[in-house]
2 protein chains.
Amino acid sequence: MKSLNLVGAFFCANFERYQEMKLPQYIQSYFGISDTDVNKVVELFEETTLNKGDYYVKAGHYCNQLSFIQEGFIRVWSETPTKEITQWISTPGYFITDLSSLIFKTTARWNLQALTDCKLYTIKQERYNQINHLVDNWDELEKLFIAKCFLTLEDRVFSQISMTAEERYQQLFELNPGLFNQVPLQYLASMLGMSPETFSRIRAKS
Amino acid sequence: MKSLNLVGAFFCANFERYQEMKLPQYIQSYFGISDTDVNKVVELFEETTLNKGDYYVKAGHYCNQLSFIQEGFIRVWSETPTKEITQWISTPGYFITDLSSLIFKTTARWNLQALTDCKLYTIKQERYNQINHLVDNWDELEKLFIAKCFLTLEDRVFSQISMTAEERYQQLFELNPGLFNQVPLQYLASMLGMSPETFSRIRAKS
DNA sequence: TTTATTTCTTGATATATGTCAAGAGGAACC
DNA sequence: GGTTCCTCTTGACATATATCAAGAAATAAA
């Protein structure tokens, strides 16, 4: 959950220090490719928007796009027989997609739904698949990117099996204080694996 | 936690149905490359062993190898100020390494320690880095492999935030019943995020 | 603004899970 | 075979967290 993060059968990356950056700067700084290559990639994206409540993708459908969040919040969630679980909330600076659907052509594992109006940069699947013809070494860079995402998720498992609810709350607050006044807290509670009431009580103490 | 699994700042893959397979069959079936390519890759591995209690790598050191477990069990764990957390137990059919150390040249995040005497097929880092010159498309195949690992880990986060201790116990038992009579149960408890006593009580009920 | 919804808080209580401690069983070692 | 060590179990109890319910606060809608 440090610099880069990815969660929710989708992947995303977020450097705190890059929150103000736009797509080209982001791609350049993360993948470390030349300006020429950055431009080739950026041209494949187009600006799109999502209104509050809209779904980026619904579980069980196909997800044939990947986006970068410029503004807004997107909640990644899934149903269980008894409740709805929020897996993660993606914030500006993150990439979002349903990774399984995008690269393995399965149906989407998650619901991705806009918590607020969102501005996105979006790339369609066909174009996404062209990148490795345009940029030398792209497969390796992408491998490294996903590996980083893997490591981040691994940390999250570790937090979940080793820390108390209060410690997890504090950790999230340190890593992402902005979330706490921009999205419904019940979703933060869910993604930390605790009830909204427990979350509220921890918050009152802090 | 279905077919393929990876945990612990290391990655691993395990198809139940392949448990009896050896390295060449495994590589061929997972990466789907030609027999010629499989042989090129397999030649880079050498057989090694690890005695019970030995470390494959210690946290804080560098891990410059990747292995496939032919026989034995390897525990992936890490210290916290108050306790020792088992992140995962790798079984025959899994690849093991400290992924961060292997591909980002960081120090290892995890301790990997043999729970039993182990037979491994091991590839050194320099040789591992040669594979993409030997096998066409290797970077992409590796990307897909790591992505699968990512999805598996994502499921694990979901289990951890959405299920009770008993449900997690049952899920692990269904997916990997063999573990329950081959390794100390306290480690299974830890990797499921519960105390050994809770684990024991759930077990007594089942 | 006023109203209607949604979200958050708080108390009372139930339940799940952790901790401590003692002992039992089993495996390893001598 | 006996000892030692490690692991597992079990009971008693403590604590963390969940659940239910009511109301307050905030937000969105009219």
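Here is the naming used below: chain letters follow the sequence lines, and residue numbers restart at 1 for every chain.
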Asker: Find the distance Gln160(B):CD to dA16(C):P and express it as a whole number of Å.
Answerer: 17 Å
Asker: For Arg203(A), which contact category applies under a 4.0 Å heavy-atom criterion: base, sugar-phosphate, or nothing?
Answerer: sugar-phosphate
Asker: Measure from the side-chain N and O atoms of Arg75(B) to the backbone N and O of Ile89(B), and report whether any donor-acceptor pair falls under 3.5 Å.
Answerer: no
Asker: Roughly how far apart are Leu185(B) CG and Leu192(B) CG, rounded to 0.5 Å?
Answerer: 11.0 Å
Asker: Between C1' on dA16(C) and OH on Tyr169(B), what's the gap in Å once rounded to a whole number?
Answerer: 17 Å
Asker: Return whichever of Arg201(B) or Gln186(B) has its heavy-atom-nearest nucleotide of DNA chain D closer to the 5' end.
Answerer: Gln186(B)
Asker: In whole angstrom, give the distance that lies between atom CZ of Phe180(A) and atom C1' of dC8(C).
Answerer: 15 Å
Asker: How many Å lie between CZ on Phe199(A) and P on dT19(D), as a whole number?
Answerer: 17 Å
Asker: Has Ser195(A) got a side-chain N or O lying under 4.0 Å from the OP1 or OP2 atom of dT19(D)?
Answerer: no
Asker: Assess the side chains of Ser100(A) and Thr106(A): does a donor N or O sit below 3.5 Å from an acceptor N or O?
Answerer: yes
Asker: With side chains defined as the heavy atoms from C-beta onward, is the minimum distance between Ser67(B) and Ile123(B) less than 4.5 Å?
Answerer: no
Asker: For the pair made of CD in Glu166(A) and C1' in dT17(C), what is the distance, rounded to whole Å?
Answerer: 17 Å
Asker: Please state how far atom CD1 in Ile202(B) lies from atom C1' in dT9(D), giving the value in whole angstrom units.
Answerer: 14 Å
Asker: For the pair made of CD1 in Ile161(B) and C1' in dA18(D), what is the distance, rounded to whole Å?
Answerer: 16 Å
Asker: Distance check: side-chain N/O of Ser200(B) vs OP1/OP2 of dT9(D), anything under 4.0 Å?
Answerer: yes
Asker: Classify Lys52(A) by what it touches in the nucleic acid, base, sugar-phosphate, or nothing, heavy-atom distance under 4.0 Å.
Answerer: sugar-phosphate
Asker: Quiz question: going by heavy-atom distance under 3.5 Å, is there a donor-acceptor pair between the base of dC8(C) and the side chain of Glu197(A)?
Answerer: no
Asker: Figure out the CE/C1' separation between Met163(B) and dT17(D), and round it to whole Å.
Answerer: 18 Å
Asker: Kindly point out which of dT17(D), dT9(C), dT17(C) is positioned nearest to the side chain of Leu185(A)?
Answerer: dT9(C)
Asker: Determine the sole option in Arg203(B), Arg201(B), Lys205(B) for which the salt bridge (Lys or Arg N to Asp or Glu O under 4.0 Å) test with Glu166(B) is passed.
Answerer: Lys205(B)
